[in-house]
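Note: hydrogens, waters and symmetry copies are ignored here, and every other heavy atom, side chains too, is used. Not measured: the values here are computed from a predicted model.
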Protein chains: 2
Amino acid sequence: MSPTELAAPSFFTEYLPHVSVDCVVFGFDAKGLQVLLLKMKHCDDWALPGGFVRQQEGVESAATRVLQERTGLEQVFLQQFRVFSEPRRSAANKWTSENEDLQAWLNQRFITIGFYALVPFEKVAPQPDSISDACSWWNLADVGKLMLDHNAILHSALEALRLQMRYQPIGYNLLPEKFTMPELQKLYETVLGQTLDRRNFQRRMLDFGLLEKLPERKTGVAHKAPFYYRFNKTQYDKALEEGLAGGW
Amino acid sequence: MSPTELAAPSFFTEYLPHVSVDCVVFGFDAKGLQVLLLKMKHCDDWALPGGFVRQQEGVESAATRVLQERTGLEQVFLQQFRVFSEPRRSAANKWTSENEDLQAWLNQRFITIGFYALVPFEKVAPQPDSISDACSWWNLADVGKLMLDHNAILHSALEALRLQMRYQPIGYNLLPEKFTMPELQKLYETVLGQTLDRRNFQRRMLDFGLLEKLPERKTGVAHKAPFYYRFNKTQYDKALEEGLAGGW
DNA sequence: CCAAAAGTGTTACGTTTACACCCATGG
DNA sequence: CCATGGGTGTAAACGTAACACTTTTGG
C-alpha cells in the first residue's frame, strides 16, 4: 500500500460498496408536514439525506448516523420500509469531483435501503453534508423534482407511514412534549390527507390509553384555550410493540 | 487479467459483493403451513433459500431467480419485508471449499434482503443449489435451529405476513385454483395461528367480493360435500392494490 | 356580545360476534 | 341411522360515525 493511500483512506475501504441508505425525514409544524432535503453541489437538484454503510455496522446504525449528522438528534424514530435497487436508478450518476476516489465511489451502482424518520421539527438544526451545500425543510406540498428516484422513495415512505398509522401510534416523535388535542388531530389529518371529526378523534385517541391530560391549558390563544396533553411513554412503547387494532 | 480468471469468471465480478437475498417460501397443504429449506453441505444446518444480486439486476429480480431455481415456478407472489444487516449475523461464516473464489465469497460479511413468497405447494419441485445437498418442505412447527440468523428471518417473515393479511387478501398463490371454503379457512387459521368461526369467516370472505362460487362440489369426501370457489383475479388484484379495510 | 374554537355527550348505524338449525354423506 | 361436517340465518354486542349543545375567549 502506498503512502498516499495510507494518508487518505478510501471510501472503498471504509464503506461497503454498492450499498447506501436514504432517509425520508418527516417533521411537523403549523404549516403542515415537512421533509428534510439537501441541495446537491454542482447541480440544481435536491435530494434525500443519505449515506453509506461502514464495513462493521448495520444499516440501522448507518441511518442513525446520517440522521445525527443532518439533524443533530441522537434519538429518532427510524423505520426501514423498502429497498430500492433497480440498476437504472443509478444510471444517471454522473458525479465529477476533484477527489477521484470520491468520484468513482459516487458513480457506482447503488442499492439503497429506504428509511423514514419522524423527528421533532423545532429541535432540528439542519446541516448539509460534504456533497451538498444546503440542508433545509420543505413543505411536502412544495417538493419538486428530486435527484434520481428520490421522488419515488419519498412517495413510498409516505405510503408506508400512512399504513403504519393504522396499527401503531405516531406523534411522540413529531410533536413537542406538551401538545393540544387540535394539534395532534392536525398531525393525523396532515399525514392521512383527510379531515377527521374533532369529537370522534378525541375519544378514539383517549381510548387508546396513551395520553395524559395535563391540568394546564394553552395560553395566549384566541377563543377557548385547549388543554395540554402528553404521551405516556410506557403505554406508547407498548402500543408500538403490540399494535393498536386488529382485523381478525 | 490472466487466462485463469477469464476461464472461470469470479463470483466477485458476477455479483454485487456483501449483498444477498433470502427467501422465506411458504406453502400450504393439509398438514399446515410449510416452509422450503435447504440442507447445507458439510454441516448439519438447514437454511433459507438465498442467492446473490447480479451486477445488473434489482433485488426483486434476484429473489425471483432464486425462487425459480429452487421451485421451478415462474410467477410467484414475492414481497420484500426487511433487511438484515447486523455485522455479527455473518460472524459465523466459516465456509471451506475447494473453490477458493467461492470460499472467499461466502465468507464475506453480508447484508441480506428478506423476502417472503407464497407458492402453490403441489406445483413446487424443490431443487437444492450448489452449496446444499437437499431442498425440501418443512412443516413450520417442525423447523429447528437454522443457519446464521435464519430463524429470526423466518420469524420476522411470518409476522410480516400476518400483518399484511390485515389489509390485503392472501390465498391466491397458496391454494390450488379451485378450493373449498373450509380449505381457505384452514389457511387463514394456520397463518394466523388461531381458530375462526366457520360461518363468520365465510360471510366475511364473500363480502370482500373476491370469490366466485362454482356450481360443483368436492367429491369423494366424507359427510356433506362443500362447494368449490375460485378467486376472481381482477377483483383480487384490485384488493392487493387498494387494500381491504381501513382504520381511519 | 358575537364569532370562533374547544369541552362534553347522545343517538343512529353498521359491523362483528355468538350462536342455532337444517342438510348431506359415508361408515 | 347417526356422527360429522357443511350451508344458511338471526339476535345481541360492540364500535364507529354523525351530530348538538354548552363553555370560553378575544376582538
Side-chain angles (χ1 to χ4, degrees), chain A residues 30 32 165-167 169 171 175-176 178-190 192-230 239 242-248, chain B residues 30-32 162 165-167 169 171 175-176 178-190 192-230 239 242-248:
Chain A
M165 287 177 70
R166 291 190 184 186
Y167 53 91
L175 293 171
K178 293 188 309 184
F179 52 88
T180 65
M181 197 59 80
E183 285 163 0
L184 181 61
Q185 180 174 346
K186 179 86 189 308
L187 168 62
Y188 270 77
E189 290 183 333
T190 306
L192 290 170
Q194 67 184 268
T195 59
L196 302 169
D197 183 276
R198 182 171 62 89
R199 294 146 292 192
N200 294 334
F201 177 82
Q202 168 150 337
R203 183 183 15 252
R204 185 161 178 174
M205 279 295 154
L206 292 176
D207 285 350
F208 284 151
L210 311 177
L211 296 178
E212 288 170 6
K213 186 174 184 172
L214 301 178
E216 43 176 336
R217 288 162 181 268
K218 189 159 182 172
T219 56
V221 297
H223 320 300
K224 189 168 184 175
F227 281 100
Y228 276 117
Y229 290 83
R230 71 173 170 215
E242 300 173 9
L244 287 174
W248 291 94
Chain B
K31 296 193 197 71
R162 282 179 180 160
M165 287 176 70
R166 291 191 184 185
Y167 53 89
L175 293 172
K178 294 189 307 185
F179 52 89
T180 65
M181 196 59 79
E183 286 164 0
L184 181 60
Q185 179 174 346
K186 179 87 189 309
L187 168 63
Y188 269 78
E189 290 183 334
T190 306
L192 291 170
Q194 67 185 266
T195 60
L196 302 168
D197 183 276
R198 183 170 63 88
R199 295 146 291 192
N200 295 333
F201 177 82
Q202 169 150 336
R203 186 187 7 256
R204 185 162 178 172
M205 278 298 155
L206 292 176
D207 285 351
F208 284 151
L210 311 177
L211 295 178
E212 288 171 7
K213 186 175 185 171
L214 301 178
E216 42 177 338
R217 288 163 182 267
K218 188 159 182 172
T219 56
V221 58
H223 319 301
K224 187 168 184 176
F227 281 101
Y228 276 118
Y229 291 84
R230 70 171 172 218
E242 301 172 8
L244 287 174
W248 291 95

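- Proximity of L211(B) to L184(B): side-chain heavy atoms (C-beta onward) are separated by under 4.5 Å at one or more points.
- We find that CZ of R203(B) is positioned 11 Å from P of dT10(D), with the value rounded to whole Å.
- In this entry the distance linking CZ of R204(B) with P of dG9(D) reads 20 Å, nearest Å.
- Of the candidates E212(B), K178(B), M181(B), M181(B) is the only one forming a side-chain contact (heavy atoms from CB on, under 4.5 Å) with Y229(B).
- The distance from atom CG of D207(B) to atom C1' of dG14(C) is 12 Å, rounded to the nearest whole Å.
- The listed nucleotides are dT25(D), dA6(C), dA17(D); the one nearest the side chain of P182(A) is dA6(C).
- Residue Q202(A) has no polar side-chain atom (N or O) positioned under 4.0 Å from OP1 or OP2 of dA6(C).
- A donor-acceptor pair is defined here as one N or O able to donate and one able to accept, closer than 3.5 Å; such a pair exists between the side chain of E189(B) and the backbone of L196(B).
- Interatomic distance, NZ of K218(B) versus NZ of K224(B), reported as 16.0 Å (0.5 Å rounding).
- In this entry the distance linking CZ of R217(B) with C1' of dG26(C) reads 15 Å, nearest Å.
- Between the CZ atom of F201(B) and the P atom of dT8(D) there is a distance of 15 Å, given to the nearest Å.
- Counting to the nearest Å, the C1' atom of dG27(C) and the NZ atom of K224(B) are 19 Å from each other.
- Of the candidate nucleotides dA4(C), dG7(D), dC19(C), dG7(D) has the atom lying nearest to any side-chain atom of P226(B).
- The base of dA17(D) does not come close enough to the side chain of R199(A) for any donor and acceptor atom to sit less than 3.5 Å apart.
- Rounded to the nearest 0.5 Å, atoms CZ (R230(A)) and CG (L175(A)) are 15.0 Å apart.
- Taking atom CG on L206(A) and atom C1' on dT16(D), their separation rounds to 16 Å, with Å as the unit.
- Counting any heavy atom pair closer than 4.0 Å across all strands shown, K213(A) reaches sugar-phosphate atoms only and no base atom.
- For K218(A) and dG7(C), the NZ to C1' distance is 16 Å, given to the nearest whole Å.
- No N or O donor and acceptor, one from the side chain of R198(B) and one from the base of dA18(C), sit under 3.5 Å apart.
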